[in-house]
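Data first, discussion second: the structure below is written as structure tokens.
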Amino acid sequence: MIFNRIAITALLAAAATAALADNALPPYLDDSLPAEQRIEDALTRMTLDDKIALIHAQSKFSTPGCPRLGIPEIWMSDGPHGVRVEFDWDEWQSAGWTNDSCTALPALTCLAATFNPELAGQYGNVVGEEARFRKKDIILGPGVNIYRTPLSGRNFEYTGEDPVLASRIVVPYIKGLQQNGVSACMKHFALNNQEHNRDAVNVIVDERALNELYLPAFRAGVTEGGVWAVMGSYNKYKGTYCTHNDTLVNEILKKQWGFDGVFITDWGSAHDTREAALNGLDIEMGSWTNGLTWGKSNAYDDYYMAEPLKRLVRSGEIDEKVVDEKARRVLRLCLRTNMNRQRPWGSMHTPEHLAVAREVAREGIVLLKNEKCFLPLRDGTRIAVIGENAVKSLTKGGGSSELKPRVEISPLQGIRERFGEKNVTFSLGYASGEPNYSNELPSPYDADSLRVAAIETARNADVVIFIGGLNKNYRQDCEGEDRATYDLPFGQNELIAAIREVNPRTAVVIVSGNAVAMPWAEKVPAIVQSWYLGSMGGPALADILSGDVNPSGKLPFSIPVNLTDCAAHAFGESAYPGVDGNVRYEEGLLVGYRWHDTRRIPARYPFGHGLSYTAFRYSDLATDKKEYAPTDTVTVTMTLENKGKVAGAETVQFYAAQKAPRLPRPAKELKGFAKTSLAPGEKKTVTVTIPVADLAYYDDTLRRWIVDDDEFTILAGASSTDIRGKAVFKTSSYSSLADNKRLP
Ligand code: GLC
């Protein structure tokens, strides 16, 4: 009997195996096979129509995949600070769903101000988990365009003025996000450093600045972060749209950096079928456009990479292999995302996500000034909170990065919860209109009566916390156009002066993604640079104002006294906002602190500046050797001590200055940084390693990276001007491989 049962079981197993063999998965669906083999198998099964469909939009935020073969649609969503609401199929309006709120993380400028790469990884993971749960395959972020002018409407979405800081923040963000099986999409490649005339302006920049300043964060995102998607920018470079620019996309991004992902347009940034086909564009997105003109809804078949491209292939003018390579990259993205059966499931609105949002906000807030320890405020202090940014929702507006947070605790709420309702009064002080992308809508309030009420509130308090700055309205921190002025809007300067008259104990909290003019800076005892802090902004700001958390943020950009002290505004209109469709980056490499240092123009608050409630002592700065070969790495150490009475964290910045460079270089350049937490009285050794290759400059004549045989000084700083130690060493020269390759 037993024998029969064994025989029957064996027969059944054989039958099942045979059945399976007949329905064996085709290779492109068999995830036991190598990805490239699956991709090639899928391509052999696709018609030209299938491949053309794969590489352009079917709706505002999706591409159709290949339904016949079971290759899924690709769904995209903005970022970069959280997952945006659902939109109608082909209208720029919310779809009105009720399950698409998110955890709103602080803006990327705040993340950069933390100088904390590990936290950047947690940030990316939160965005990735929520995107995965919302069934998104690509998050359209992070943005890493360099902060060139404080007027740019989108600096709040980017990571500041320095390429090393931007690189160290963007790489972990990408890895943290993509570990969820969702693709990041680094943007906007390249040179999108202003919003004014963004969809047409031609950027003229020298190759040294391009390679040493504007490209490194993109290169890091590709070569170190392994980003699976990159978005082209609206503007032009060398007279050709960046979205299909042979130099930027074919030569640099794909050939030199080895990018194997998909290169996607910005929405409507494609302008020519042949260029799009031959210059590396892989997916065309857009809306209300047939690629030629605005206003034609559901015109996806008219896109440059749709019927027009199909016609060129059918006529033999474009080889079908060109389309194959685009489809190959899209299929590779699918295997990494929506065809990856191993990817996690994601999650939303978790306490952990809110905790990360709060931690990024806490660590990003920068204490700029704190005379006589005005801050932190003691419990029981009668506080007057004044200013619209204490209550205005700042996750709305700003353009494509707008969010619908499930939680958004305002600064006023946070301060009241921390200090007690009875100790906190409030007055609006000034008011702006609702966010809008084409003009500043009128405020519903009378400015004078707001001012009078605010002055009365200030008069009757121990201290005033003024919470103002910019917002996400038109020509503030908002996509599509730049700020009209460096000054604070809505009459805030006059209001601050009037409040100070009745109560000199007035601290100013600036909420913004950009530097602003601070004519009152010498007259107030404390200034805090806050950011668009997202869901947990209120509790985080209260954490800092109360001293529950010691501020540790450092400025990711310089704050000039006057706009004309900024490099982009020192060369007339041709340098900004441009003339006759061209903008010339006349300052070359000298952006931000590089300009202020080299031209000896002091900033009001310099790059890397940020105070603490404790004091740190720097000592024993040293390098491990006195002379280095080109393939060496410089190991720099120093001792950091907490000399104060409260725990705190300090970001030591390491700048390199070359003694006699063969080509002109900035006075110094950031080459590394380390954030270290210390208990009162605690000492730690801080160590950073700097590959000699990172000391190279780009020779635009030889088109090579060069390290001279020269003397370098490493400067350890609490900011780019507050230098606390120096160490000198020599390097022997090298010239890297041609074509921009870097030494290992
Ligand atoms: C916008 C932005 C881009 C965004 C895209 C989709 O124009 O420039 O950053 O991801 O369109 O909303």
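Positions are given from 1 along the sequence. As the structure is a prediction and not an experimental result, all values here were calculated from the model. Just follow the structure's listing: the first ligand is 1, and inside any ligand the first atom is 1.
Atoms of ligand 1 found under 4.0 Å from any heavy atom of F61, numbered from 1 in the order shown, are 6 (C), 12 (O). If you number the atoms of ligand 1 from 1 as listed, the ones under 4.0 Å from a heavy atom of S400 come out as 2 (C), 3 (C), 4 (C), 9 (O), 12 (O). Counting the atoms of ligand 1 from 1 in the order shown, those under 4.0 Å from a heavy atom of H188 are 3 (C), 8 (O), 9 (O). Using a 4.0 Å cut-off to heavy atoms of W92, the atoms of ligand 1 that qualify are 12 (O). The distance from ligand 1 to the heavy atoms of K187 drops below 4.0 Å at these ligand atoms: 3 (C), 4 (C), 9 (O), 10 (O). Short contacts between ligand 1 and M231, defined as distances under 4.0 Å to a heavy atom of the residue, involve ligand atoms 10 (O).
With a heavy-atom cut-off of 4.0 Å, E402 does not touch ligand 1 at all. At a 4.0 Å heavy-atom cut-off, ligand 1 does not touch E195 at all. Looking at M285 against ligand 1, nothing comes within 4.0 Å, counting heavy atoms. The proximity of R84 to ligand 1, defined as any non-hydrogen pair under 4.0 Å, is limited to the side chain. Contacts with ligand 1 closer than 4.0 Å are made by no heavy atom of F87, backbone or side chain.
D266 OD1, 3.3 Å is the protein heavy atom nearest to atom 3 (C) of ligand 1. In this structure, the protein non-hydrogen atom closest to atom 1 (C) of ligand 1 is E479 OE2, 3.1 Å. Y234 OH, 2.8 Å is the protein heavy atom nearest to atom 7 (O) of ligand 1.
Aromatic ring centres of F61 and W267: separated by under 6.0 Å. A ring-centre distance under 6.0 Å is found for W92 and F87. In summary, the aromatic rings of W89 and Y300 are positioned with their centroids too far apart to meet the 6.0 Å limit.
K175 has no carboxylate O lying under 4.0 Å from a charged side-chain N of E224, or vice versa, which leaves the two without a salt bridge. One finds no salt bridge joining E440 and R475 here, because no Lys/Arg side-chain nitrogen approaches an Asp/Glu carboxylate oxygen to under 4.0 Å. Using a 4.0 Å cut-off between charged side-chain N and carboxylate O, E363 and R358 make no salt bridge. A salt bridge does not link D90 with K296: every distance from a Lys NZ or Arg NE/NH1/NH2 to an Asp or Glu carboxylate oxygen is 4.0 Å or more. Note on K310 versus D49: salt bridge recorded, some NZ/NE/NH1/NH2 to OD/OE distance being below 4.0 Å.
Atoms CD1 and CD1, on I174 and I169 in that order, are 12.0 Å from each other to the nearest 0.5 Å.
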Tabulate below the donor-acceptor pairs under 3.5 Å that side-chain atoms of residues 575-586 make, not counting sequence neighbours, or state none.
from : atom 1 : to   : atom 2 : distance (Å)
Y576 : OH     : D482 : OD2    : 2.6
N582 : OD1    : N202 : ND2    : 2.9
Y585 : OH     : N193 : OD1    : 2.8

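Here atom 4 (C) of ligand 1 lies nearest to D78 when heavy atoms of N192, D78, L140 are compared.
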